[in-house]
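When a residue number appears, it is its place in the shown sequence, counting from 1.
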Amino acid sequence: MEAEAADAPPGRVEAALSCFSFNQDCTSLAIGTKAGYKLFSLSSVEQLDQVHGSNEIPDVYIVERLFSSSLVVVVSHTKPRQMNVYHFKKGTEICNYSYSSNILSIRLNRQRLLVCLEESIYIHNIKDMKLLKTLLDIPSNPTGLCALSINHSNSYLAYPGSQSTGEIVLYDGNSLKTVCTIAAHEGTLAAITFNSSGSKLASASEKGTVIRVFSVPEGQKLYEFRRGMKRYVTISSLVFSMDSQFLCASSNTETVHIFKMEHLTDSRPEEPSTWSGYMGKMFMAATNYLPAQVSDMMNQDRAFATGRLNFSGQKNICTLSTIQKLPRLLVASSDGHLYIYNLDPQDGGECVLIKTHSLLGSGTTEENKENDLRPSLPPSYAATVARPSTSTASTVPGYSEDGGALRGEVIPEHEFATGPVCLDDENEFPPIILCRGSQKGKTKQS
C-alpha cells in the first residue's frame with residue numbers, strides 16, 4: 001500500500017509528496033517529502049494527528065511503519081541503496097543495511113522484512129534482521145512490485161513470475177519455499193495484494209480492466225471483477241478491507257472502485273418468480289454456450305461502490321478502514337491531501353466525501369467547514385459496520401486494539417515472531433541488531 005509519487009507532467013499539479021503509504025492495518029499514514037517524512041494517526045475523521053516527523057533524512061522515497069509501533073523503515077534518494085530502521089519514539093537508529101542496487105520497495109510484518117530490488121528480493125527476520133534468504137532468480141521487476149501477508153503466521157510473499165505475462169509466484173516466507181505459481185492475467189502485473197489473514201490474493205494487470213482474487217495457498221480463482229471496459233488505466237493501489245469483505249482499487253482516473261466479496265449466483269432462487277428473473281436465468285444459462293472469453297466477461301461482477309475524486313492523473317493510494325466505528329474510504333494523493341469518504345456497506349453506491357485533510361499543513365480545507373462529520377444514516381447502517389477485533393493482543397493491558405504498542409511504549413515481543421529472545425530495557429531488539437549491515441552479492445550477512 002505504498003506509492004512513489006512521480007514528477008508531474010506539464011500542465012499538471014506538481015507532486016508535493018515523494019511517497020506515501022498506509023500501515024499494515026490501515027490505522028496510520030506515512031508520507032515522504034524532500035524535507036523528510038511524517039507519520040499520522042487515522043483514528044479520527046475530523047482531526048489528523050501527526051504522530052512523528054523527521055527532517056534528518058532528506059528526499060525520502062520509501063517510508064514504512066510497522067503497525068502502530070515505533071518501528072519505521074526509511075529509504076532516501078541521497079542513499080537509495082541503504083535501508084534505515086529507526087525507533088522514532090526514542091530517536092535512535094536501530095540499524096542500516098546496504099544493498100547491491102537501488103531499493104525499490106519494502107514490506108514488513110511482525111516476523112519478516114522484505115527488501116525488493118529490481119532483480120532480487122531479500123528476506124530478513126525482523127527480530128534480529130538476520131538475512132534468511134535471497135531470491136536471485138526472479139524476472140526483472142523495475143517497479144519493485146511485491147506483496148507480503150501481514151499475518152506473520154504464514155508470511156506469504158507474492159511477486160511477478162514473468163516479464164511478459166501476469167504470472168504470480170507465491171512464496172512461503174516462513175518455510176522459505178515456493179508454494180505455487182498462478183497464471184493470473186495475460187498481460188503483465190500492475191498490482192498484487194493479500195487480505196489480512198493471507199488466505200486471499202488479489203491482482204490486476206497493466207490493462208487495469210479486470211481484477212481477480214485467488215485462494216491462498218491453492219491459487220484457485222475465487223472472484224473476478226470488471227473495473228471498466230472502455231479504456232485501459234494504470235492501477236495505483238489495490239487493497240482489501242481488514243474483514244476481507246471488500247476490495248478497493250484506485251487508478252489514474254477520477255473513480256475509486258470498491259468490490260464486495262460475495263457470489264451473487266449462490267443466492268439466486270432455483271425457480272425465478274418474475275419474468276425478469278426468468279430472463280436473467282436464461283441469460284446466465286446461455287453464457288455456457290458462448291466462447292470462454294465472452295462468458296467470463298458477462299459473469300464478472302461490477303463495482304459495489306465508487307468514490308469520486310476531484311482530480312485525475314495524479315498518483316494516489318486508497319484503503320478501507322473503520323474509523324469511529326464506521327467504514328471509511330481513504331484516498332491519499334501526491335498533491336498532499338487525504339480524502340475521507342463514508343461507505344455504505346449494505347447498499348453501496350457512491351461514497352460521500354466528508355473530509356479533506358492537508359498532509360503538509362495544519363487543519364482541513366475550507367470545503368469541509370459545512371460538512372456534518374456525523375451525517376444522518378439509515379438505522380441499520382451502524383449495526384452492520386462494527387468490525388470485531390481479530391487481534392488476540394487487544395485484551396492485553398497496555399496494547400492498542402490493533403495489537404501494536406500504545407504510543408510511547410516499547411514494541412512488545414508479541415509484535416514479532418514467537419520464540420525466546422533477549423530484550424533489554426534500552427533496545428527493542430537483541431543487541432545483535434545494533435550494527436551496520438551490507439547485503440552485497442547473494443547471501444552475505446553483516
For a quick test of reading the model, state the closest non-hydrogen atom pair linking [X] to [Y] and the distance between them.
X: L42; Y: L338; result: CD2-CD2, 3.8 Å
X: S105; Y: C146; result: OG-SG, 3.6 Å
X: R112; Y: G173; result: NE-O, 2.7 Å
X: G198; Y: N154; result: CA-ND2, 4.0 Å
X: P139; Y: P160; result: CD-O, 3.6 Å
X: Q82; Y: N84; result: NE2-OD1, 2.8 Å

No-hydrogen, no-angle side-chain donor-acceptor test under 3.5 Å, [X] and [Y]:
X: N342; Y: D344; value: no
X: Q314; Y: S333; value: yes
X: S244; Y: N195; value: yes
X: Q111; Y: N174; value: yes
X: D243; Y: S241; value: yes

Report task. Kindly indicate, with the supporting measurements, whether the criterion side chain to side chain contact (heavy atoms under 4.5 Å, CB included) is fulfilled by Q324 and S44. Result -> CA-CA 6 Å; Q324 296 170 316; S44 172; 3.8 Å; yes

Minimum side-chain heavy-atom gap [X]-[Y] below 4.5 Å:
X: C116; Y: I103; value: no
X: F22; Y: S28; value: no
X: L320; Y: L329; value: yes
X: E118; Y: L104; value: yes
X: C318; Y: C248; value: yes
X: Y86; Y: H52; value: no
X: L309; Y: V256; value: yes
X: D49; Y: F40; value: no

**Report entry** Worked verdict on S153 versus N151 for side-chain hydrogen bond (donor to acceptor under 3.5 Å, both in side chains)
**Finding:** CA-CA 5 Å; S153 65; N151 181 6; 2.7 Å; yes

Report task. Begin with the C-alpha distance, continue with both residues' side-chain angles, and end with the deciding distance and a verdict on side-chain hydrogen bond (donor to acceptor under 3.5 Å, both in side chains) for D59 and T78. Result -> CA-CA 7 Å; D59 291 330; T78 57; over 6 Å; no

**Report entry** side chain to side chain contact (heavy atoms under 4.5 Å, CB included) between C19 and I31, intermediate numbers included
**Finding:** CA-CA 6 Å; C19 66; I31 66 169; over 6 Å; no

Query - Nearest-0.5 Å distance, NE2 of residue H77 to CD1 of residue I62 - result: 8.5 Å

Query raised in the report: So E186 and T165, side-chain hydrogen bond (donor to acceptor under 3.5 Å, both in side chains) or not? Walk me through it.
Result: CA-CA 5 Å; E186 292 183 0; T165 66; over 6 Å; no

Can you name the residues that form a side-chain contact (heavy atoms from CB on, under 4.5 Å) with [X], not counting sequence neighbours?
X: V169; answer: Y159, T178, T181
X: T188; answer: E206
X: S175; answer: D172, K177

**Report entry** Qualifying residue for side chain to side chain contact (heavy atoms under 4.5 Å, CB included) with V85, from V72, I106, V73
**Finding:**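 Per the side chain to side chain contact (heavy atoms under 4.5 Å, CB included) rule, the option paired with V85 is V73, out of V72, I106, V73.
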
Query raised in the report: Do you know which of T255, V210, I235 makes side chain to side chain contact (heavy atoms under 4.5 Å, CB included) with R227?
Result: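 That would be I235; it is the only one of T255, V210, I235 passing the side chain to side chain contact (heavy atoms under 4.5 Å, CB included) with R227.
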
Sub-3.5 Å donor-acceptor pair from the side chain of [X] to the main-chain atoms of [Y], do we have one?
X: N96; Y: S98; result: no
X: S69; Y: L71; result: yes
X: N141; Y: L145; result: yes
X: S236; Y: N316; result: yes

Query raised in the report: For the rings on F304 and F246, is their centre-to-centre separation under 6.0 Å?
Result: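 So the answer is yes for these two rings.
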
Query raised in the report: So H124 and Y97, would you call those rings parallel, tilted or perpendicular, with 30° and 60° as cut-offs?
Result: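 The rings of H124 and Y97 stand perpendicular, inter-plane angle above 60°.
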
Requested in this report: Quick one: do Y339 and L353 satisfy side chain to side chain contact (heavy atoms under 4.5 Å, CB included)? Show the steps, please.
Outcome: CA-CA 7 Å; Y339 303 89; L353 177 64; 4.0 Å; yes

**Report entry** Worked verdict on Y122 versus Y99 for ring pair (Phe, Tyr, Trp, His ring centres under 6.0 Å)
**Finding:** CA-CA 9 Å; Y122 292 84; Y99 300 84; 5.0 Å; yes

Query raised in the report: Where do S155 and N109 land on the side chain to side chain contact (heavy atoms under 4.5 Å, CB included) test, with the steps shown first?
Result: CA-CA 8 Å; S155 293; N109 63 24; 3.2 Å; yes

Query - Stepwise salt bridge (Lys or Arg N to Asp or Glu O under 4.0 Å) test for E254 and R308 - result: CA-CA 6 Å; E254 66 281 355; R308 301 291 178 181; 5.2 Å; no

Report summary line: Exactly one of S321, S68, S43 clears side chain to side chain donor-acceptor pair (under 3.5 Å) with T27, and that residue is S68

